[in-house]
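Read the structure below first, then the notes.
A quick note: this is a predicted structure, and the numbers were derived from the prediction, not measured.
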Amino acid sequence: MKNKILLVLTSLVFFLNSCSKDDNVMANTLELPVANAPKDVNDASFRAKWNYVSNAKSYLLDVSTSENFATFVSNYNAKPVTDLNEVVIGLDGGTQYFYRVRAKNETEISAYSNVISVVTTGTSSIPEDPAFLKVKANKVTNPFFVGMAVKASQLTAGSPYDVILKNEFSSISAEYEMKMDQISTASGVYNWTVADKIVAYGNANAINVHGHALVWHNSVPKWLQDFAGTDAEFTTEVKKYITDVVTHYAGKVKSWDVVNEAADDNGGNMRNTIFLKRMGPNYIKDCFQWARNAATAAGDTNLLLFYNDYATSTNIAKQDRVFTITDDLKASNLIDGLGFQMHNTYLSPTKAQIETDLNRAVAKGLKIHVSELDIQVNQSNDIAAFTNERRLAQKEKYKEIVKIYNALPKANKYALTVWGMKDNESWIPYSTELNHAGNDWPLLYDANFAIKSSHTGFLEGLD
């Protein structure tokens with residue numbers, strides 16, 4: 001009997017030890033921490049921040065003045081921290097620092113997080129990189145166009161806009177002046193003046209011209225909104241417009257957003273536009289077919305056709321709808337590429353969300369146009385001035401996006417277009433929908449045409 005009891009106890013101890021070992025293995029598996037943009041940046045300190053890691057009991061913080069951490073700031077070489085942030089003190093003003101963290105659980109230590117750059121405030125701030133965007137983009141392994149949205153009024157020879165455009169950008173898109181309600185004044189009647197100026201400027205200066213956009217529900221001319229004819233006659237009017245515009249710019253405009261923003265924001269449905277109502281569910285394919293036919297008839301067999309939309313990296317239902325649209329067009333050989341607008345914030349979308357979105361297009365063999373890039377820093381209206389903290393966070397987000405784009409395969413690259421030149425002329429600060437009350441700084445240049453840290457971030461993304 002004693003032997004049986006001992007055998008049972010021995011088995012129980014062995015079982016408990018085995019469970020304990022398995023639990024210990026699970027508890028000691030540490031994920032890679034993610035470092036975040038700093039907070040409370042001033043002359044002598046900043047608050048380093050990072051995300052929570054499951055099973056971590058503490059974190060090890062490194063701070064250095066060199067990106068490779070060849071040396072460490074005093075007291076910040078694997079400094080133990082039990083919170084998810086730490087105020088780094090005793091720093092010099094106007095100096096660039098770098099920080100990273102590791103998660104720790106007893107004897108186990110994770111790999112290093114991403115590295116975050118921060119510049120303390122002060123008079124001796126780090127100068128921005130004055131290199132030209134398109135020059136550096138042309139030197140990467142697989143070059144691509146660097147684009148900017150323009151207005152015809154900016155294209156006066158010798159103006160600051162003109163000088164910067166010629167130095168920095170290899171592609172242009174009309175911000176608004178090549179849309180339907182700007183060109184079409186009546187059935188078969190067109191005002192080409194402003195759009196022609198934009199196209200002529202690009203052609204004269206060896207700058208690629210991307211056409212934006214043939215069909216968009218927010219740019220329908222009044223005569224077409226009020227069209228009293230049958231749905232078939234309405235369809236004929238849209239076909240005529242697309243055919244005439246593509247023909248007029250054949251060989252001069254190298255690519256077109258044929259249809260813009262046709263996916264609804266809710267539920268992954270089609271947006272209920274006048275085109276859907278009057279032309280039916282196949283209207284997108286029809287528009288692409290008419291554009292392709294017009295280009296072919298005009299001898300412009302190299303014209304690239306894009307579908308363009310926004311907020312697909314965070315709205316998965318909408319992302320799925322967009323790829324349903326493109327799959328249908330791809331099956332009929334009617335589409336060449338997909339435009340991702342990227343009206344982002346300094347916090348969202350995440351790197352992983354952007355990569356997932358773009359990689360779906362890569363897998364489908366589509367060219368990718370980051371078509372309307374800007375990065376809000378005041379989406380919550382919590383700052384009244386452009387702070388150093390937001391400046392640096394914006395720089396890192398621009399760097400992240402450019403780095404993601406630059407890593408795409410050669411066959412999938414087309415252009416990365418910034419939506420405007422100067423902060424004070426961006427649509428974002430003055431949008432009633434966004435309600436920024438004039439306070440945001442989303443672009444690469446400030447109101448005085450001075451390059452910002454975001455410009456430097458763009459260049460660093462090309463490294």
Between [Y] and [X], is there a salt bridge with N-O shorter than 4.0 Å?
X	Y	result
D62	R100	yes
D327	K364	yes
D286	K239	no
D328	K285	yes
R360	D320	yes
E237	K240	no
E175	K151	yes
E460	K399	yes
K222	D181	no

- Message: Applying salt bridge (Lys or Arg N to Asp or Glu O under 4.0 Å) as the test, list every pair that has at least one member in residues 409-423; sequence neighbours left out.
- Response: K422-E425, D423-K452

Are [X] and [Y] linked by a side-chain donor-acceptor pair shorter than 3.5 Å?
X	Y	answer
E372	N308	yes
S371	Q341	no
N36	N51	yes

- Message: Below 30° counts as parallel, above 60° as perpendicular, anything between as tilted: where do the rings of Y190 and W192 land?
- Response: tilted

- Message: Is the ring pair F69/F98 parallel, tilted or perpendicular, if the boundaries are 30 and 60 degrees?
- Response: perpendicular

- Note on the structure: Residue set satisfying side chain to side chain contact (heavy atoms under 4.5 Å, CB included) with I383, at least two apart, ordered chain then number -> N378, T387, R390, W441

Would you say the side-chain atoms of [X] pair up with the backbone N or O of [Y], donor to acceptor, closer than 3.5 Å?
X	Y	answer
T345	L347	yes
D264	G268	no
Y97	D92	yes

- Message: For a quick test of reading the model, state the closest non-hydrogen atom pair linking Y76 to V87 and the distance between them.
- Response: OH-O, 3.6 Å

- Query: Can you name the closest pair of heavy atoms from V41 and T120 and give their distance?
  - Reply: CG1-CA, 3.9 Å

- Query: In Å and rounded to the nearest 0.5 Å, what is the CG to CE distance from L133 to M148?
  - Reply: 11.0 Å

- Note on the structure: Here the gap from Q319 atom CD to F340 atom CZ, rounded to the nearest 0.5 Å, amounts to 7.5 Å

Do [X] and [Y] make the cut of ring centroids closer than 6.0 angstrom?
X	Y	answer
F449	Y161	yes
F275	H217	no
F306	H210	yes

- Positive for side chain to side chain contact (heavy atoms under 4.5 Å, CB included) with K252, one of D196, V209, V199: V199

- Begin with the C-alpha distance, continue with both residues' side-chain angles, and end with the deciding distance and a verdict on side chain to side chain donor-acceptor pair (under 3.5 Å) for Y414 and S255. CA-CA 10 Å; Y414 180 60; S255 54; 2.6 Å; yes

- Task: Quick one: do Q96 and S117 satisfy side chain to side chain donor-acceptor pair (under 3.5 Å)? Show the steps, please.
- Result: CA-CA 7 Å; Q96 187 169 27; S117 168; 2.9 Å; yes

- Name all residues meeting the ring pair (Phe, Tyr, Trp, His ring centres under 6.0 Å) criterion together with W256; count only those two or more places apart in sequence or in a different chain, and write none if there are none. none

- Would you say L373 and T417 make side-chain contact, with heavy atoms under 4.5 Å? no

